[in-house]
Amino acid sequence: MADIEVTREDDYATVTISNPDRKNAISAEACEEMAAELRSLEHDAGVRAVVVQGEGDAFCSGIDLSGGMDGKAVVEELETGLNAIAAGLLRMEKPTIAVVRGVAVGAGASLATACDFVYARDDAVFGWGFTDIGLAPDTGATYVLPRLVGVRRALDLLITARRIDAQEAVDMGIATESFDADEFEDMVAERIATLASRPTLAVGETKRLVQRATHRSMEEALRAEARAQGRIFETEDFAEGVGAFFEGRDPEFQGR
């Protein structure tokens with residue numbers, strides 16, 4: 001049964017799915033635990049970015065089906081588990097980062113792509129294999145994938161269940177960057193440090209604006225941007241950013 005481990009380093013937290021013997025397949029119980037941890041991290045002022053990874057050489061091979069579930073249980077467990085995780089990542093007002101080594105398939109692929117940034121090692125493999133076992137997608141796949149790759153490519157990935165490697169994932173916009181194994185850890189650490197240094201209030205506003213833009217007219221999007229700017233103008237982070245610009249130094253954002 002997968003465990004969820006949360007560690008903190010500097011100003012970011014790492015959530016690790018720990019079930020390496022089953023390529024980090026995640027149980028229903030672990031899903032609820034992970035959803036709860038994400039809710040806690042959302043409100044932790046000391047955490048400026050959240051990293052999601054799997055233990056060892058796999059990200060996540062999807063939901064652990066070994067326990068068996070009936071249809072009614074699936075609906076309830078998705079709502080309190082995987083769906084809650086996806087919503088928590090998408091709504092998180094801080095950068096969320098998937099660090100993908102090896103397989104990210106099924107719900108594992110959906111968990112990775114629910115993050116804002118996806119950094120893939122060159123051996124990473126992504127696939128939404130739901131139809132291989134006669135299932136429809138879950139964990140936000142039908143919400144996230146069309147926004148990343150378009151409707152036709154999303155249908156291709158979800159219906160054929162074909163797997164793609166790290167480079168194709170980057171080319172399609174599913175992964176942010178891919179790195180060779182020998183440079184992966186250093187490059188990802190550099191990216192995480194950069195993202196954790198960003199102004200979290202502005203990050204939260206940016207995520208909301210981008211996610212909602214597909215449902216808005218041009219006029220509504222412009223109005224929403226203006227209102228977001230108005231809110232940010234009142235923050236200490238904005239004052240710090242402007243002050244640092246004129247003083248020729250790096251800003252030190254505090255999230256307020």
Side-chain angles (χ1 to χ4, degrees), residues 17 23-26 31 52-54 58-63 65 71 74-75 78-79 81-92 95-179 191 195 203 206-222 224-225:
I17 304 168
K23 296 188 182 296
N24 299 317
I26 186 168
C31 286
V52 179
Q53 65 176 8
F59 180 77
C60 176
S61 59
I63 193 72
L65 296 172
V74 166
V75 173
L78 281 175
E79 289 178 346
L82 286 170
N83 286 359
I85 294 171
L89 291 169
L90 290 164
R91 292 172 179 163
M92 181 85 65
T96 56
I97 304 140
V99 177
V100 180
R101 308 170 184 87
V103 296
V105 294
S110 300
L111 288 179
T113 50
C115 292
D116 303 319
F117 301 88
V118 179
Y119 298 116
R121 198 167 68 182
D122 58 3
D123 67 342
V125 175
F126 298 82
W128 287 261
F130 298 98
T131 59
D132 282 343
I133 57 172
L135 278 179
D138 61 29
T139 323
T142 60
Y143 176 85
V144 173
L145 266 183
R147 288 164 168 76
L148 294 176
V149 303
V151 171
R152 291 194 187 281
R153 279 185 167 179
L155 288 172
D156 172 38
L157 292 170
L158 293 173
I159 292 177
T160 69
R162 70 182 182 90
R163 297 188 176 190
I164 59 174
D165 62 22
Q167 187 56 56
E168 187 173 2
V170 172
D171 292 343
M172 294 178 71
I174 287 170
T176 309
E177 292 181 273
S178 172
F179 302 108
R191 299 297 191 272
L195 292 167
V203 168
T206 301
K207 289 181 66 168
R208 279 191 294 274
L209 288 167
V210 170
Q211 290 170 0
R212 296 172 184 177
T214 55
H215 304 297
R216 287 171 166 159
S217 66
M218 178 188 68
E219 292 79 10
E220 289 170 335
L222 291 172
E225 287 179 353

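Throughout, numbering of the chain's residues begins at 1 and tracks the sequence. The shown structure was predicted, so the numbers you read here are calculated from the model rather than taken from an experiment.
- Counting only distance, with no hydrogens or angles, the side chain of S61 and the backbone of K23 share a donor-acceptor pair below 3.5 Å.
- Heavy-atom contacts from other residues, nucleotides or ligands closer than 6.0 Å to CZ of R216 number more than 12.
- Here the straight-line distance linking atom CG of D171 with atom CD1 of I164 works out to 9.0 Å at 0.5 Å rounding.
- For the residue pair L89 and A114, the shortest heavy atom distance occurs at CB-O, 3.8 Å.
- Here the CD1-SG distance, from I17 to C31, works out to 8.0 Å after rounding to the nearest 0.5 Å.
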Start with the C-alpha gap between T142 and L158, add the side-chain angles, then the distance that decides, and say whether side-chain contact (heavy atoms from CB on, under 4.5 Å) holds.
CA-CA 8 Å; T142 60; L158 293 173; 4.2 Å; yes
Should F126 and M172 be marked as a side-chain contact (heavy atoms from CB on, under 4.5 Å) after you check the CA-CA gap, both sets of side-chain angles, and the distance that decides it?
CA-CA 12 Å; F126 298 82; M172 294 178 71; over 6 Å; no
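- Shown here for G127 and A109, the closest heavy-atom pair between the two residues is O-CB, 3.5 Å.
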Is there a side-chain contact (heavy atoms from CB on, under 4.5 Å) between V52 and L111? Walk through the geometry before answering.
CA-CA 9 Å; V52 179; L111 288 179; 5.7 Å; no
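- Within the 4.5 Å cutoff, the side chain of K207 has heavy atoms near those of the M92 side chain.
- One distance of note links CD of Q211 with OG1 of T206; it measures 10.5 Å at 0.5 Å rounding.
- The closest side-chain heavy-atom distance from V118 to I174 is not below 4.5 Å.
- Annotation for A112 and A98: closest pair O-CB, 3.7 Å, computed over non-hydrogen atoms.
- When every heavy atom of P95 is checked against every heavy atom of F117, the shortest pair comes out as CB-CE1, 4.3 Å.
- Residues F59 and N24 form no side-chain contact, since every pair of their non-hydrogen atoms from C-beta on lies 4.5 Å or further apart.
- Rounded to the nearest 0.5 Å, atoms OG1 (T160) and CG (D132) are 8.5 Å apart.
- For the atom pair CH2 of W128 and CG of D138, the computed distance is 12.5 Å after rounding to the nearest 0.5 Å.
- We find the OG1-CZ distance between T139 and F130 to be 5.0 Å, quoted to the nearest 0.5 Å.
- Looking only at side-chain heavy atoms (C-beta outward), S110 and V144 stay at 4.5 Å or farther from each other.
- Minimum interatomic distance between F179 and R191 (heavy atoms only, all atoms of both residues): CZ-NH2, 3.7 Å.
- D122 and S178 share no side-chain donor-acceptor pair at under 3.5 Å.
- Listed by first and then second residue, the salt bridge (Lys or Arg N to Asp or Glu O under 4.0 Å) pairs involving residues 143-157 are D156-R162 (not counting sequence neighbours).
- In this structure, the side chain of T96 engages the main chain of D116 through a donor-acceptor pair within 3.5 Å.
- Nearest heavy-atom pair across G173 and L148 is O-CD2, 3.9 Å.
- Every side-chain contact (heavy atoms from CB on, under 4.5 Å) that T131 has, sequence neighbours left out, goes to A161.
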